[in-house]
A.B. asks: 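Attaching a single structure in structure tokens format; questions to follow.
Quick note on labels: first sequence line is chain A, next is B, and so on, each numbered from 1.
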Amino acid sequence: MPLMLYNTMSRRKEAFQPLDPDRVGMYVCGPTVYDCAHIGNARPVIVFDVLYRLLKRLYPNVVYVRNITDVDDKINARARDNDETIGELTARTTQAFHQDAAALNTLPPDIEPRATAHIGHMVTMIQTLLAKGHAYEAEGHVLFSVPSMPDYGRLSGRSQDELIAGARVEVAPYKKDPADFVLWKPSPGDLPGWDSPWGRGRPGWHIECSAMSSEYLGVTFDIHGGGQDLVFPHHENELAQSVCAHGQPFARYWLHNGYLMVEGEKMSKSLGNFFTVRDLLDQAPGEAIRLTMLTTHYHQPFDWTAEGLRQSRTALDRLYLALRGVAGIRPEGRDELPVDVLAALKDDINTPMAIAHLHELATQLNKAVTTAEKARCKGALLAAGDVLGLLQQDVEAWFRWTPTGSSGLDDAAVEALVQRRIDARKAKDFAEADRIRQELADAGIVLEDGAGSTAWRRGC
RNA sequence: GGCCGGGUGGCAGAGUGGCUAUGCAGAGGACUGCAAAUCCUUGUACGUCGGUUCGAUUCCGGCCUCGGCCUCCA
């Protein structure tokens, strides 16, 4: 079965056929670095990480580009509010983003270009658009002329008439058409600016992705991803600029992850349901956050709930318990992705289905009797985990995770109590053994007596 | 107003024109010093009204309802 992907452009699932199977290109819109990432930002990071891992399985050479937007009016405003320089703000938030992405067990992209390092390329593209009559200068701005592109609006599925009718924002007086958008705008002395044929200024939002994607992946490339909210206007405009400047097709497959809500409501600061990835990492392991995100198909709206996170932790407990049971056995077939997991992911990245198979593999592992069988099941489970970015940490590390600022028993204290209980059991002093069990239970520690040993873990 | 995507068992969440995932929670059983874990068994699910069909949760249409987008929020 070929890899099937839902293409926003055609509104249907299509068989993926790369332009060049020896160099598959994927561009995903990365963060604007003005603040810590919130959980909505985390969704595309995780979803496209799974696609990246899958593509790497299927093709020998995948180039994953995810940009950092480090020039933006929100950045300017935030730096002023924080009383820090723009450079300090963007460096700090970029680093925080990298830490969060790593905590969610996502692979770094192959190339992570920053917008400010590609201003020259953007200027060149804007000049081309001007020369071809797709852009015009007005009051120090350069604007893209939407009417100059007949099939503008195809990606987001709206006609130019609709755009004009629906425009609810005051139209800047220098625009020839209400739908026209900024390619370049003037910068006063106190804002970041670069010299250009149109004076000192800074780029509009959309042009950076057009410039950087073509620089690293070519003017036509395979996959372009991002959140659904970017379909319009960002991706529509990127597409328009790129096609008009280069005269060739742009991205061939457009993938968009659905929106994120919190406890059934739109996430917003005013509702008090706004979480950063950081906030959550203090309360739950990154792997649990990752699994939670993957339990809903990427294309569906995702409802983040405390209960959902709890269930994911329980699910990971189950999977890691299965692995703990075969800790001493060397896995077999570690590199062979189980066929049903592969099939699920090849069907438009059906992670919920893949996770269901993960559970079935765990059940098989739990039921395995012979060592050979256990080794095979363990290998299959781990291989399935690899492509999902799950089950890769040390089993005991998973069970010992503690929330930030926890004041409970530390590992050594738990070990000491467990040992005292083992001694009590050997002496058949079950009253003392049960007292210790209760003491540990009160501290959130679950004990599991096995043949000749006692394992422990921290409950949720 | 225009456009888009949803409504599945107690909960989350896939999927399918007939054989009805998976996990959590619940019930019963096996195992266990007690537990936990594990395994086995179990639960008349598909918003509503019509249509197509031998048969629809799955296809088509109306309706209800939820959410989103409509110029810079992933």
A.B. asks: Between B:rG23, B:rA21, B:rC34, which nucleotide gets closest to the side-chain atoms of A:Ala315?
C.D. replies: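 Between B:rG23, B:rA21, B:rC34, the one nearest the side chain of A:Ala315 would be B:rG23.
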
A.B. asks: Would you state whether a donor and an acceptor, one from the side chain of A:Arg425 and one from the base of B:rG33, lie under 3.5 Å apart?
C.D. replies: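 Side chain to base: pair found, below 3.5 Å.
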
A.B. asks: Looking at A:Lys74, I'd like to know whether one of its side-chain N or O atoms comes within less than 4.0 Å of OP1 or OP2 on B:rC73.
C.D. replies: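 The answer is yes; a side-chain N or O of A:Lys74 sits under 4.0 Å from OP1 or OP2.
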
A.B. asks: With RNA chain B as reference, determine whether A:Met261 or A:Pro44 sits nearer its 5' end, using the nearest nucleotide of each.
C.D. replies: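 Upstream on the strand: A:Met261.
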
A.B. asks: Sort out the partner of B:rU22 for me: Watson-Crick or G-U wobble, both distances under 3.5 Å, none otherwise.
C.D. replies: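 Result: B:rA12.
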
A.B. asks: Can you tell me how far P of B:rA74 sits from CH2 of A:Trp304, to the nearest Å?
C.D. replies: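 Taking atom P of B:rA74 as the reference, CH2 of A:Trp304 is at 18 Å.
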
A.B. asks: Distance criterion of 3.5 Å, no angle test: do you see the side chain of A:Arg313 paired donor-to-acceptor with the base of B:rG23?
C.D. replies: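 Looking at the base of B:rG23, it does not pair with any donor or acceptor on the side chain of A:Arg313 (distance under 3.5 Å).
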
A.B. asks: Please test A:His235 against A:Trp254 for ring pair (Phe, Tyr, Trp, His ring centres under 6.0 Å), starting from the C-alpha separation and ending with a verdict.
C.D. replies: CA-CA 9 Å; A:His235 288 164; A:Trp254 288 90; 5.1 Å; yes

A.B. asks: Can you find a donor-acceptor pair, distance only, under 3.5 Å between A:Asp229 side chain and B:rG68 base?
C.D. replies: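 Flag unset: no donor-acceptor pair detected.
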
A.B. asks: Within the structure shown, what part of the strands sits under 4.0 Å from A:Leu260 by heavy-atom distance: base, sugar-phosphate, or nothing?
C.D. replies: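 Base, at least one base heavy atom under 4.0 Å.
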
A.B. asks: Base, backbone or nothing for each nucleotide of nucleotides 5-13 of chain B, written B, S, -, heavy atoms under 4.0 angstrom, 5' to 3'?
C.D. replies: ------B-S

A.B. asks: Of all the nucleotides listed (B:rC69, B:rC34, B:rU71), which has the minimum atom distance to the side chain of A:Asp449?
C.D. replies: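 Given the options B:rC69, B:rC34, B:rU71, the side chain of A:Asp449 is closest to B:rC34.
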
A.B. asks: Using whole Å, what does the distance between atom C1' of nucleotide B:rC72 and atom CG of A:Leu183 come to?
C.D. replies: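 Computing the A:Leu183:CG to B:rC72:C1' distance gives 13 Å.
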
A.B. asks: Tell me whether the side-chain N or O atoms of A:Arg437 pair up with the base of B:rC34 as donor and acceptor below 3.5 Å, since no angle test is needed here.
C.D. replies: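 Answer yes: a donor N or O sits under 3.5 Å from an acceptor.
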
A.B. asks: More than 12 foreign heavy atoms under 6.0 Å from CZ of A:Arg11: is that the case here?
C.D. replies: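 More than 12 heavy atoms, drawn from other residues, nucleotides or ligands, come within 6.0 Å of this atom.
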
A.B. asks: If only atom types and distance count, is the side chain of A:Tyr136 paired as donor or acceptor with the main-chain N or O of A:Lys176 below 3.5 Å?
C.D. replies: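 Yes; judged by distance alone, with no hydrogens or angles, the pair exists.
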
A.B. asks: For A:Asp72 and B:rC73, give me the distance from atom CG to atom P, rounded to whole Å.
C.D. replies: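 Taking atom P of B:rC73 as the reference, CG of A:Asp72 is at 7 Å.
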
A.B. asks: Taking B:rG9 as the reference, what is the distance to B:rA21 when you measure between their P atoms (whole Å, please)?
C.D. replies: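 After rounding to an integer number of Å, I get 14 Å for this pair.
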
A.B. asks: Tell me which nucleotide among B:rC24, B:rG33, B:rA36 gets nearest to the side chain of A:Val446.
C.D. replies: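 For A:Val446, the side-chain atoms sit closest to B:rA36.
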
A.B. asks: Whole Å only: how far is the NZ atom of A:Lys367 from the C1' atom of B:rU41?
C.D. replies: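 Spelled out: NZ on A:Lys367 to C1' on B:rU41 is 12 Å.
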
A.B. asks: For A:Arg43 and A:Tyr259, indicate whether the former's side chain and the latter's backbone hold a donor-acceptor pair under 3.5 Å.
C.D. replies: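 Such a contact is found between A:Arg43 side chain and A:Tyr259 backbone.
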
A.B. asks: What is the distance from CG of A:Leu239 to C1' of B:rC72, rounded to the nearest Å?
C.D. replies: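 Value for this atom pair: 17 Å.
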
A.B. asks: Say you pick atom C1' in B:rG18 and the same atom in B:rG43; how far apart are they, in whole Å?
C.D. replies: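 My reading of the C1' atoms in B:rG18 and B:rG43 gives 22 Å.
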
A.B. asks: Looking at B:rC72, which nucleotide sits across from it as a Watson-Crick or G-U wobble partner, both distances under 3.5 angstrom, or is there none?
C.D. replies: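 For B:rC72, the partner nucleotide comes out as none, under the 3.5 Å rule.
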
A.B. asks: What's the gap between B:rG15 and B:rA35 when it is taken at their C1' atoms, as a whole Å value?
C.D. replies: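 Those two atoms are separated by 38 Å.
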
A.B. asks: Could you check how far CE of A:Met267 sits from C1' of B:rG68, rounded to whole Å?
C.D. replies: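 Value for this atom pair: 14 Å.
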
A.B. asks: Considering every strand shown, what is the Watson-Crick or G-U wobble mate of B:rG67 when both distances are under 3.5 Å?
C.D. replies: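 Base-paired to B:rC4.
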
A.B. asks: Taking only side-chain nitrogens and oxygens of A:Asn366, does any of them come within less than 4.0 Å of OP1 or OP2 of B:rU38?
C.D. replies: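 It does not, given that no N or O in the side chain of A:Asn366 lies less than 4.0 Å from OP1 or OP2 of B:rU38.
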
A.B. asks: Which nucleotide in the list B:rU71, B:rG33, B:rU22 gets nearest to the side chain of A:His359?
C.D. replies: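 Out of B:rU71, B:rG33, B:rU22, the nucleotide with an atom closest to A:His359's side chain is B:rU22.
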
A.B. asks: Applying a 4.0 Å non-hydrogen cut-off, can you work out what A:Arg421 is touching in the nucleic acid: base, sugar-phosphate, or nothing?
C.D. replies: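 Result for A:Arg421 = base.
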
A.B. asks: Ignoring backbone atoms, test whether A:Asn237 places a side-chain nitrogen or oxygen under 4.0 Å from the OP1 or OP2 oxygen of B:rC72.
C.D. replies: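 So the side-chain polar atoms of A:Asn237 never come under 4.0 Å of the phosphate oxygens OP1 or OP2 of B:rC72.
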
A.B. asks: Roughly how far, to the nearest 0.5 Å, is the CZ atom of A:Arg80 from the CD1 atom of A:Ile86?
C.D. replies: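 Those atoms lie 9.0 Å apart.
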
A.B. asks: With rounding to the closest Å, how many angstrom separate the P atoms on B:rU20 and B:rU41?
C.D. replies: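 Taking atom P in both B:rU20 and B:rU41, they lie 14 Å apart.
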
A.B. asks: Give me the distance, rounded to whole Å, that separates B:rU58 from B:rG47 when you measure between the C1' atoms they each carry.
C.D. replies: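 Straight-line distance between the two C1' atoms is 15 Å.
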
A.B. asks: Taking B:rU8 as the reference, what is the distance to B:rC70 when you measure between their P atoms (whole Å, please)?
C.D. replies: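 These two P atoms come out 27 Å apart once rounded.
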
A.B. asks: For a quick check under 3.5 Å, do A:Gln364 and A:Glu360 share a side-chain donor-acceptor pair by atom type?
C.D. replies: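 No donor-acceptor contact under 3.5 Å links the two side chains.
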
A.B. asks: Rounded to the nearest 0.5 Å, what separation is found between the CG atom of A:Asn105 and the CD atom of A:Gln393?
C.D. replies: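 Result: 8.5 Å between the selected atoms.
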
A.B. asks: Tell me whether A:Arg53 at atom CZ has more than 12 heavy atoms from other residues, nucleotides or ligands lying less than 6.0 Å away.
C.D. replies: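 Check passes, neighbour count above 12.
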
A.B. asks: Considering every strand and a 4.0 Å limit on heavy-atom distances, what is the contact class for A:Leu447: base, sugar-phosphate, or nothing?
C.D. replies: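 Base contact.
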
A.B. asks: At less than 4.0 Å, is any side-chain N or O atom of A:Arg318 found next to OP1 or OP2 of B:rC39? Yes or no.
C.D. replies: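 Yes, because at least one side-chain N or O of A:Arg318 sits under 4.0 Å from OP1 or OP2 of B:rC39.
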
A.B. asks: Rounding to an integer number of Å, can you tell me how far A:His234 NE2 sits from B:rC69 P?
C.D. replies: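 Rounding to the nearest Å, NE2 of A:His234 and P of B:rC69 are 17 Å apart.
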
A.B. asks: For the residue pair A:Tyr6 and A:His297, confirm or rule out a side-chain donor-acceptor distance under 3.5 Å.
C.D. replies: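 There is no such pair (donor and acceptor under 3.5 Å, judged by atom type) between the side chains of A:Tyr6 and A:His297.
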
A.B. asks: Roughly, in whole Å, what's the span from OH in A:Tyr152 to P in B:rU71?
C.D. replies: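 Rounding to the nearest Å, OH of A:Tyr152 and P of B:rU71 are 10 Å apart.
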
A.B. asks: Which whole number of Å gives the distance between the C1' atom of B:rU53 and that of B:rG61?
C.D. replies: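 These two C1' atoms come out 16 Å apart once rounded.
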
A.B. asks: Can you confirm if the NZ or CZ of A:Arg425 lies within 45° of the ring axis of A:Phe430 and under 6.0 Å from the centre of its six-membered ring?
C.D. replies: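 The answer is no, since A:Arg425 fails at least one limit relative to A:Phe430.
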
A.B. asks: Say we look at B:rG26 and B:rG10: how far apart would their C1' atoms be, to the nearest angstrom?
C.D. replies: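 After rounding to an integer number of Å, I get 8 Å for this pair.
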
A.B. asks: Identify whether any heavy atom of A:Ser312 sits under 4.0 Å from a base atom; if not, whether one sits that close to sugar-phosphate; answer base, sugar-phosphate or nothing.
C.D. replies: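 The answer is nothing, as A:Ser312 stays clear of every strand by at least 4.0 Å.
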
